[in-house]
Amino acid sequence: MAPTTRSPFRRTLALMASAAILAHACMNGVAYAQTAPETTAPGVVAPAPSTPETAAPAPTPPAPAAPQQTAPMQASPIQVPAIQAGVPNNGPASVADLAEGLLDAVVNISTSQNVKDDEGAGPAPRAPDGSPFQEFFNDFFNKQQGNKGPNHNVSSLGSGFVIDPAGYIVTNNHVIEGADDIEINFANGSKLKAKLIGTDTKTDLSVLKVEPKAPLKSVKFGDSSTMRIGDWVMAIGNPFGFGGSVTVGIISGRGRNINAGPYDNFIQTDAAINKGNSGGPLFNMKGEVIGINTAIISPSGGSIGIGFSVPSELASGVVDQLREYGETRRGWLGVRIQPVTDDIADSLGLDTAKGALVAGVIKGGPVDDGSIKAGDVILKFDGKTVSEMRDLPRVVAESTVGKEVDVVVLRDGKEQTVKVKLGRLEDSDQAAASDDAAPDGSQDDGVITPDPGENNDMDQPDSGDQAQPAPGKPDQHQGQVSPDAATPKNVLGLSLSLLSAETRKAFGIAESVDGVVVTEVTPGSASAEKGLKAGDVIVEVAQEFMKSPDAVAAKVKSLKQEGRRNAQLMIASANGDLRFVAVPME
C-alpha cells in the first residue's frame, strides 16, 4: 500500500514545484518589460526595477523558460516610437513653402538723387577758440568739405513687389520720392531700370514700370477687409539692405489712424518691419497681398513689433488708377466737416456721437444745390456707415467720379436721404490751399477743399424758409428788429450784440459775415471752455438763424424747456470760417 500512496504524493509535489518555478519566471519577465521603455527613453534615467532584485532567490529556470524572459526585452525598442509619436507638436506650421513661391515677386528698390552741397547746408561747426581739439576739429571738417564736389549723390533702399508679369511694380511714394534714378534688384540677381508711372502722396503709393525680357513672377491683391485681428501674416522685404528677408506675425489691429494722411486706415502688425521694408508686401496665408508696409513706431529706429501697412482694400483702387491714368481720380463732395462730439450729439438729439457734421458747403461744389446743408450730420454715404468724421473722406474718395449716390443725413432731428452726384477732387493748388483754410480744426482733406472765395457765400447758412440777410448787406434786417431786441444780452456766459458798422470795425468782421456778435466772454464759463472769444459771430442756434441777442436768448430758453443739455451754435470767425460748438446750458 505504501508504494501505491507515496507515488501520487511525490508526483503532486513535483508538479507544484515546477508550476511555482514557471510562474515566478514569467512574473519576473513581465515586470522587466514594463520598465524597459523608461530605461531606453532618451535623456531619462529610469530607476532600476526593484521587484526582480529583491525577490527571494529562486531556482534557475529551465532552459526553455529563457526565451520567455528575453522576449519582452526585445520588444521594448518597438514601443518607444509609439510613445514619442503621441507627444503633441506645439510649434507653428512652417511657412517655407509659401515664402518660396513669393520671394521672386518681391524686389529691392535702390534710388539715387543728385543733391547740391549748398542745399540745406549751414556753416561748418567750429571748436571753441583755445580748445586742445581745435586743430583736429577744423582739419576734420575742412577735409570733409574738400572731399565733396559741387554735387553729390544720395542713395536709399526700399522694397516693392511685382503685380503684373509685364513689369508693373508697387512701392511707397516715400521710397522713390525725388529720385533721379530708380533701379530694381530682383531675387535672381538681375537689375533693371524703372520709370515712374504714377504716384499718390495722400496714400503714399507709387507704381513703377520695368521692361523685362521675359515675364516676371507676380503676386495679386487679396481682400484685406476679410482679415481679422489675430490672423497670421507674412512680410517680405529689404530691411537694412538684407534682401529677401521673411518675417511672420499676426494682425494686431485694424483701422489705425497715425495721422499720415487724410485716408488713414492702416493695418497694424507685429511682423518685424524695419527700415528698408517700406513698400514691401504684407501677405495673408494664401499668398495674397493684403497690405503694403509703410511705417513703424520705434524709439530706436528698429522694429519693436508695431508696424503699419496700407490695406489692399484702399491700395488696389489707387494702384489701378495710377496704372490707367498716371494719377488718381477721386470723388469729391464739396463740404467741410468736423467731428460730432458727445456734446454736439446731445444737442442734436443723437443717442451716440457718430457721423460727420457739415460745417460748410463749398461754392460751386457738387452739393451747392442745397442737397446737403451746413448743420447736417452725414450718417451714411452710398450704403456705407459713417461711424466717425474720418470715415467720410475715405469713402467719398474711393467712389467713382460722376456717380450718383444716396446720402443719409440727420437734419432738424430727422433722418433724410438725399441724392448727390459726385464731382472730381482735383489735386491742384486749390486742394493744397485747403490745408490752411480750416484754422478752426475742421477736417478738409480729400473730401473738403474750400476755395479761397468760399467766405463770400458762407454767410448763407441754408436755413430753409427762414428769412436771412443777403450777402454784403449786414444792416438789411435791422429794421425788422425791435429796439428791445437790439439790447445787449448775456447768454451762456456770452455778452451779445447786434452786428453794426462799429462792431464790424472793432473786431475786423468781414462784410460777408452776419449774425449776432460776441463782445465779451465770461472767464471760466462753459463758452470760454469751448474756445469762444470776443469777435466770434453766432450765426445759428440749433440750426436756426439768429437775428438778434434776444433771438439767441429765446432759443436757448426753448432748448432748456425741451430738456436739452447743450446748445449747438454755428460760429463764424471774423473772416467767415464756420464751425459748430456745443455749449452746455447748465
Side-chain angles (χ1 to χ4, degrees), residues 91-110 156-163 169-176 184-187 203-206 208 217-256 258 260 264-298 300-316 319:
S94 172
V95 296
D97 291 338
L98 178 63
E100 185 177 13
L102 301 173
L103 282 166
D104 289 342
V106 182
V107 300
N108 301 336
I109 300 175
S110 62
S156 64
L157 295 173
S159 305
F161 55 98
V162 181
I163 58 169
I169 296 170
V170 175
T171 187
N172 281 144
N173 171 67
H174 75 260
V175 170
I176 52 86
I184 307 299
N185 304 305
F186 295 90
T203 56
D204 195 19
L205 296 176
S206 293
L208 309 175
K217 173 71 175 179
S218 64
V219 291
K220 64 179 182 178
F221 283 110
D223 186 2
S224 60
S225 65
T226 64
M227 301 298 292
R228 301 183 303 163
I229 295 175
D231 281 345
W232 286 100
V233 289
M234 179 174 67
I236 302 180
N238 184 34
F240 300 107
F242 295 102
S245 294
V246 178
T247 56
V248 177
I250 62 169
I251 291 180
S252 306
R254 292 178 52 88
R256 298 301 196 201
I258 61 174
D264 279 14
N265 189 31
F266 288 99
I267 294 172
Q268 180 185 334
T269 178
D270 67 350
I273 298 174
N274 289 285
K275 293 179 179 179
N277 273 111
S278 289
L282 187 70
F283 293 103
N284 61 18
M285 291 297 103
K286 297 178 183 178
E288 299 169 332
V289 178
I290 52 90
I292 300 171
N293 301 323
T294 298
I296 62 174
I297 290 180
S298 173
S300 64
S303 173
I304 60 171
I306 305 178
F308 300 97
S309 301
V310 180
S312 62
E313 57 188 302
L314 173 62
S316 57
V319 169

Query raised in the report: Can you check whether Ile273 reaches Phe308 side chain to side chain, under 4.5 Å on heavy atoms?
Result: no
Query raised in the report: Closest approach of Thr294 and Ser278, non-hydrogen atoms and distance?
Result: O-OG, 3.6 Å
Report summary line: One should read off an interatomic distance between His174 NE2 and Leu205 CG, to the nearest 0.5 angstrom, of 10.5 Å
Report summary line: Of Thr171, Ile109, Val175, the one forming a side-chain contact (heavy atoms from CB on, under 4.5 Å) with Ser206 is Thr171
Requested in this report: Give a yes or no on whether the backbone of Gly302 and the side-chain of Asn274 come within a donor-acceptor separation of less than 3.5 Å.
Outcome: no
Query - Phe221 and Val319, any side-chain heavy atoms less than 4.5 Å apart - result: yes
Report task. Check whether more than 12 heavy atoms from other residues, nucleotides or ligands sit under 6.0 Å from atom CZ of Phe242, and answer yes or no. Result -> no
Query raised in the report: Just wondering, do Phe161 and Ile236 contact through their side chains at under 4.5 Å, heavy atoms?
Result: no
Would you be so kind as to tabulate the donor-acceptor pairs closer than 3.5 Å made by side chains of residues 98-107, with sequence neighbours excluded?
none

Query raised in the report: Roughly how far, to the nearest 0.5 Å, is the CE atom of Met285 from the CE atom of Met227?
Result: 7.5 Å
Query raised in the report: Under the 3.5 angstrom rule, does the side chain of Asn172 hit a backbone N or O of Asp204 as a donor-acceptor pair?
Result: yes
Query raised in the report: Any side-chain heavy-atom pair from Val162 and Lys217 closer than 4.5 angstrom?
Result: no
Query - Ser245 side chain to Asn238 backbone, donor-acceptor under 3.5 Å - result: no
Query - Expected output: side-chain Thr269 to main-chain Gly307 donor-acceptor under 3.5 Å - result: no
Report summary line: CZ (Arg228) and CD1 (Ile251) are apart, to the nearest 0.5 Å, by 10.0 Å
Report task. Grab the two heavy atoms, one from Ile169 and one from Ile184, that are nearest each other, plus how far apart they are. Result -> CD1-CG2, 3.8 Å
Query - Nearest heavy-atom neighbours spanning Arg254 and Glu313 - result: NH2-OE2, 3.4 Å
Query raised in the report: Just by distance, do the side chain of Asn173 and the backbone of Ile176 share a donor-acceptor pair under 3.5 Å?
Result: no
Requested in this report: Taking all heavy atoms of Ser218 and all of Ile163, pick out the closest pair and write down the distance.
Outcome: CB-C, 3.9 Å
Query raised in the report: Is Ser159 reaching over with its side chain to a backbone N or O of Gly279, donor-acceptor style, under 3.5 angstrom?
Result: no
Query - Minimum side-chain heavy-atom gap Pro239-Asn277 below 4.5 Å - result: yes
Query - Spacing of CD1 belonging to Ile292 relative to OG1 belonging to Thr203, to within rounding of 0.5 Å - result: 8.0 Å
Query raised in the report: Can you find a pair of side-chain heavy atoms, one from Ile267 and one from Ser224, that are under 4.5 Å apart?
Result: yes
Query raised in the report: How close do Ile290 and Phe283 get, heavy atom to heavy atom, and via which atoms?
Result: CG1-C, 4.1 Å
Query raised in the report: What is the minimum heavy-atom distance between Gln268 and Arg256, and which atoms define it?
Result: OE1-NE, 2.7 Å
Query raised in the report: Between Ser309 and Pro311, is there a donor-acceptor pair closer than 3.5 Å when you use the side chain of the first and the backbone of the second?
Result: no
